[in-house]
Number of protein chains: 2
Amino acid sequence: MSEKNMPLRDAGPKNTGFGQCPVMTSLAVIGGKWKPAILYFLQQHGVLRFGELRKVVPGITQKMLSQQLKELETDGIIVRRVYAEIPPRVEYRLSTLGESLRPMLDAMASWGMDYLRRG
Amino acid sequence: MSEKNMPLRDAGPKNTGFGQCPVMTSLAVIGGKWKPAILYFLQQHGVLRFGELRKVVPGITQKMLSQQLKELETDGIIVRRVYAEIPPRVEYRLSTLGESLRPMLDAMASWGMDYLRRG
DNA sequence: TCAGGTAGGTACCTAAAAGTAACCAATGTT
DNA sequence: AACATTGGTTACTTTTAGGTACCTACCTGA
């Protein structure tokens with residue numbers, strides 16, 4: 001991942017070398033409070049502008065949204081397209097790599113769903 | 001999940017109600033720095049004592065290990081078996097629910113592996 | 001009586017994630 | 001000249017996760 005947004009990632013003074021662990025790698029890319037929601041809505045809508053994402057992701061702030069989008073872009077999960085217009089227009093969509101998350105996210109959603117029902 | 005170990009879970013003063021989101025639910029159960037490793041080694045070894053887990057999970061401290069084990073037990077993922085012996089002997093293993101994590105963890109490992117290779 | 005072995009627990013601290021509020025830039029409109 | 005619009009950024013604060021170091025209980029054997 002992007003190096004500059006590691007620590008979900010491998011917290012603490014002593015890095016124990018979990019950057020090598022594939023599961024931790026996935027966690028580092030899609031983990032956190034907002035990324036699953038962002039990815040979900042991009043999957044549903046295809047393309048969304050910054051302001052649209054802000055409306056559609058419940059409760060997210062401007063700061064968190066732009067920060068998370070930047071990380072997702074750096075990690076190659078989404079594509080950012082800027083139009084040379086005023087007022088600015090910026091569109092976000094999943095990259096091919098981002099679309100490849102689908103089976104994993106489905107597996108997570110499926111297990112989580114079962115867990116919520118039966119516990 | 002266990003209520004008393006929520007916030008990977010839904011951080012911050014304003015809970016936006018993501019306890020409803022299945023993906024966040026899964027993240028809450030298996031997320032964090034140590035749980036993937038603990039689950040991995042329990043999957044590999046079947047049954048492990050506290051001290052064995054401590055040796056086998058690289059870098060984990062006593063505190064983090066017992067804390068994470070307690071959360072996993074509360075969430076129904078692992079089973080804790082105490083023997084009435086001195087010195088104490090406590091064994092941990094995956095529950096049926098814990099074993100049901102397999103496809104999800106495999107999907108995460110698989111995506112993470114690909115990501116590490118091609119990025 | 002005292003050290004060894006096992007499975008914890010506690011108080012305290014640091015670091016990372018997330019939240020709050022305010023600010024900026026560019027231009028078309030009033 | 002002021003204002004609205006859009007997509008940000010920045011400084012600061014709060015909340016949560018994780019780390020360090022040390023403590024306990026219990027029985028056995030020396």
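Predicted model only: the values in this text are computed from it and were never measured. What's counted below: heavy atoms across the whole structure, side chains too, no hydrogens, waters or symmetry copies. By convention in this document, chain letters (A, B, ...) are assigned in the order of the sequence lines, proteins followed by strands, and residues within each chain are numbered from 1.
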Phosphate OP1/OP2 of D/dC27: any B/Tyr83 side-chain N/O under 4.0 Å: no
Atom-to-atom span, CZ of A/Arg54 to P of C/dG19 - whole angstrom: 14 Å
Contact under 4.0 Å: A/Thr61 side-chain N or O vs C/dA18 OP1/OP2: no
Trace of the side-chain contact (heavy atoms from CB on, under 4.5 Å) decision for B/Leu72 with B/Leu39: CA-CA 9 Å; B/Leu72 288 169; B/Leu39 295 172; 4.2 Å; yes
Length of the line joining B/Arg81:CZ and C/dA7:C1', which is rounded to integer Å: 17 Å
Any N/O donor-acceptor pair, A/Lys63 side-chain to C/dG19 base, under 3.5 Å: yes
5' precedence on DNA chain D between A/Ile86 and A/Ser66 (nearest-nucleotide basis): A/Ile86
A/Pro88, nearest nucleotide to its side chain (from C/dG19, D/dG18, D/dG7): D/dG7
Nearest-angstrom distance from the residue atom CZ of A/Arg80 to P of D/dG7: 10 Å
Whole-Å distance separating the CG atom of B/Leu48 from the P atom of C/dT6: 15 Å
Integer-rounded Å distance: D/dT16 C1' and B/Met64 CE: 11 Å
A/Glu85 CD - C/dA26 C1' separation (whole Å): 13 Å
N/O (side chain, A/Arg89) to phosphate O (OP1/OP2, D/dG7) under 4.0 Å: no
Beyond-backbone contact of A/Trp111 with B/Leu101, side-chain heavy atoms, under 4.5 angstrom: yes
Note, B/Tyr115 side chain near A/Leu97 side chain (heavy atom, < 4.5 Å): yes
Close side-chain approach of A/Gln44 and A/Val56, heavy atoms under 4.5 Å: no
Under 3.5 Å donor-acceptor pair, B/Lys33 side-chain atoms to D/dG18 base atoms: no
Base D/dG7 to side chain A/Gln62, donor-acceptor N/O within 3.5 Å cut-off: yes
N/O (side chain, B/Lys70) to phosphate O (OP1/OP2, C/dG9) under 4.0 Å: yes
Rounded distance in Å - CD (A/Gln67) to P (C/dA17): 9 Å
Contact check, side chains of A/Met108 and B/Met108, non-hydrogen atoms, under 4.5 Å: yes
B/Leu65 CG to D/dA17 P, straight-line distance once rounded to whole Å: 18 Å
Residue whose closest nucleotide on DNA chain C lies nearer the 5' end, B/Leu69 versus A/Pro87: B/Leu69
